[in-house]
Amino acid sequence: MEKALLDGQVVYASQIAKNYMTEKNIRLLSREKKLRCTDPGCKKPLVRYCHGEVNFWRPGGNTNFRPLMREIYFCFTLRKFGK
């Protein structure tokens, strides 16, 4: 997600990532749960700022990958990887 709402203003992750102090302030505001989804019909409007290629992240994760990740986890668990 590239954009989020902060106090009614749209902020863009690509612009935030260009300046360290701006990014640090946005992280603090994110921790205080001040970032919201720009979609008015969103069921989980709280947005968290994260560093990386996808900078804004919506709690709940991507449900399309959950079954795949579960299968991968069970494959590694059955083979006792990481133990």
Side-chain angles (χ1 to χ4, degrees):
M1 180 180 261
E2 170 64 13
K3 58 187 177 177
L5 287 176
L6 174 64
D7 296 327
Q9 299 288 327
V10 177
V11 291
Y12 295 89
S14 57
Q15 295 298 317
I16 291 167
K18 291 179 180 179
N19 184 319
Y20 173 76
M21 289 308 292
T22 304
E23 186 174 16
K24 182 178 176 181
N25 290 333
I26 292 293
R27 284 178 189 272
L28 293 172
L29 291 169
S30 173
R31 187 169 52 183
E32 295 172 9
K33 300 179 180 174
K34 303 270 183 174
L35 294 176
R36 299 285 177 208
C37 181
T38 56
D39 180 13
C42 184
K43 293 181 181 179
K44 294 186 178 186
L46 185 64
V47 175
R48 193 181 103 196
Y49 181 81
C50 298
H51 181 71
E53 198 171 307
V54 179
N55 290 317
F56 288 115
W57 174 76
R58 199 175 305 186
N62 189 335
T63 56
N64 295 333
F65 290 106
R66 279 189 187 154
L68 173 64
M69 295 306 291
R70 188 175 292 126
E71 286 298 319
I72 292 171
Y73 172 78
F74 286 126
C75 287
F76 283 115
T77 304
L78 291 174
R79 293 189 176 101
K80 301 186 192 285
F81 283 104
K83 290 187 178 186

Checklist entry - Hey, what do you get for OG1 (Thr38) to CD (Glu2), rounding to the nearest 0.5 Å? => result 10.5 Å
Checklist entry - Could you state the interatomic distance from CG (Leu28) to CD (Glu23), rounded to the nearest 0.5 Å? => result 11.0 Å
Next on the checklist: With a 4.5 Å cut-off on side-chain heavy-atom distances among I, L, V, M, F, W and Y, is there a chain of contacts connecting Tyr12 to Leu5?
Outcome noted: yes
Checklist entry - Residues in side chain to side chain contact (heavy atoms under 4.5 Å, CB included) with Gln9, at least two apart? => result none
Checklist entry - Does some side-chain heavy atom of Cys37 sit less than 4.5 Å from a side-chain heavy atom of Lys44? => result no
Checklist entry - Does some side-chain heavy atom of Val47 sit less than 4.5 Å from a side-chain heavy atom of Arg36? => result no
Checklist entry - Heavy-atom distance under 4.5 Å between the side chains of Asp7 and Leu29, does that happen here? => result no
Checklist entry - What distance do Leu35 atom CG and Ile16 atom CD1 have between them, rounded to the nearest 0.5 Å? => result 7.0 Å
